[in-house]
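As structure tokens, the structure follows; a few thoughts come after it.
Bear in mind that the values here come from a model prediction, so they are computed numbers and not experimental data. Naming convention: chains lettered A, B, ... in sequence-line order (proteins, then strands); numbering from 1 in each chain.
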Number of protein chains: 2
Amino acid sequence: MTPSLRGDLFDPACPTRRLLDRIGTKWTSMAVKVLAEADPREVRFAELQRRMPGVSKKMLSVTLRSLTNDGLVSRRVEPTVPPKVHYRLTDLGRSLEVPLAALRNWAEEHMAEIDRANAAD
Amino acid sequence: MTPSLRGDLFDPACPTRRLLDRIGTKWTSMAVKVLAEADPREVRFAELQRRMPGVSKKMLSVTLRSLTNDGLVSRRVEPTVPPKVHYRLTDLGRSLEVPLAALRNWAEEHMAEIDRANAAD
DNA sequence: CTGAATCCCTTAAGATACTG
DNA sequence: CAGTATCTTAAGGGATTCAG
């Protein structure tokens, strides 16, 4: 592993910074969560949109393409008419769910404190 | 705890979404990490800037103010001329370091896979 | 030394409309 | 059904300048 791939946030190519750039976008973490909790694990586009209230088709499409390019989500097309497209988390995507869930737990436990701090000013 | 504060990412006020909005900004996680690893724990503005290569004074200022308002960082001013301003993580801030470190570990282990997925296309 | 204020540029993301 | 194309707006972030 080269030094630039190690843990210094000082590097502009720092892996943590780059990871946060991805999961920090508005719909990514929600999509990962919804897919992680899906049973069966494959979910179609329209069903995903239904489970992610507020997301537009465009943003869902952008989000899923990005996740697919990153190898976190796999995409399977049934060449029917009309087409059916199924999405599911890859193993890599499921492994990301672990630290992401930790972050969710922290958020649920502590965001109220943050709100209080802001209210206090 | 009201339903809107629970774990549904569907709520626009979802705590996870709001947490990610914060730590997803460019310099926040770096600042938390640098402060978490600081010894002694208090660090002055200019020293922080030195330990965060690339950050401008403006963005460091904005980042620290936001962290301070959130109660994650405390700020102590020595009313000398010129003034000295010291920053340190609060207990809340240190608790956030735990899931954040988990995310860093994941990034260091797996970002290379993501890069490979993108290269493969 | 610390950090607020201003200007400007780039990008995320919403709305809308259209296609295989 | 599952997207793409285009336009517009809002926010992040950099450079520079000013002030306590």
Return the value, rounded to whole Å, for the distance between atom [atom1] of [X] and atom [atom2] of [N].
X: B/Arg22; N: D/dA11; atom1: CZ; atom2: P; answer: 15 Å
X: B/Asp21; N: C/dA13; atom1: CG; atom2: C1'; answer: 13 Å
X: A/Arg65; N: D/dA2; atom1: CZ; atom2: C1'; answer: 12 Å
X: A/Leu64; N: C/dA13; atom1: CG; atom2: P; answer: 14 Å
X: B/Asn69; N: C/dA4; atom1: CG; atom2: P; answer: 10 Å
X: B/Met30; N: D/dG12; atom1: CE; atom2: P; answer: 18 Å
X: A/Lys84; N: C/dG20; atom1: NZ; atom2: C1'; answer: 17 Å
X: B/Leu60; N: D/dG12; atom1: CG; atom2: P; answer: 17 Å

Counting only pairs under 3.5 Å, give me each side-chain donor-acceptor contact of residues 54-64 of chain A, with atom names and distances, residues two or more places apart or in other chains.
from    : atom 1 : to      : atom 2 : distance (Å)
A/Ser56 : OG     : A/Met59 : N      : 3.1
A/Thr63 : OG1    : A/Met59 : O      : 2.7

Sequence neighbours left out, what passes side-chain contact (heavy atoms from CB on, under 4.5 Å) with B/Ala117? Give chain and number order. none
For nucleotides 13-20 of chain D, read 5' to 3', which letter fits each nucleotide if B means a protein heavy atom sits under 4.0 Å from the base, S means only the sugar-phosphate is that close, and - means neither? BBB----B
Among pairs that include at least one residue of residues 79-101 of chain A, which meet salt bridge (charged side-chain N to carboxylate O under 4.0 Å, His left out), considering only residues two or more places apart or in two chains? A/Asp91-A/Arg94, A/Glu97-A/Arg104
Check: [X] side chain, [Y] main-chain N or O, donor-acceptor pair, under 3.5 Å:
X: B/Thr90; Y: B/Leu72; value: yes
X: B/Thr16; Y: A/Ala107; value: no
X: A/Arg17; Y: B/Lys26; value: yes

Atom of [X], atom of [Y] and distance for their closest heavy-atom approach:
X: A/Met52; Y: A/Val34; value: CG-CG2, 4.0 Å
X: A/Ser95; Y: B/His110; value: OG-NE2, 4.2 Å
X: B/Gly93; Y: B/Val32; value: O-CG1, 4.5 Å
X: A/Pro83; Y: A/Arg44; value: O-NH2, 4.0 Å

Taking A/Glu47 first and then A/Arg50, would you say they form a salt bridge - that is, a charged N and a carboxylate O separated by under 4.0 Å? yes
Terminal axis angle for the helix from C/dC1-D/dG20 to C/dG20-D/dC1, five pairs an end, nearest 10 degrees: 40°
Residues in contact with DNA chain D, drawn from residues 70-79 of chain A - heavy-atom cutoff 4.0 Å: A/Arg75
Between [X] and [N], is there a contact of a side-chain N or O with OP1 or OP2 at under 4.0 Å?
X: B/Arg44; N: C/dT2; answer: yes
X: A/Ser61; N: D/dT4; answer: yes
X: A/Tyr87; N: D/dG3; answer: yes

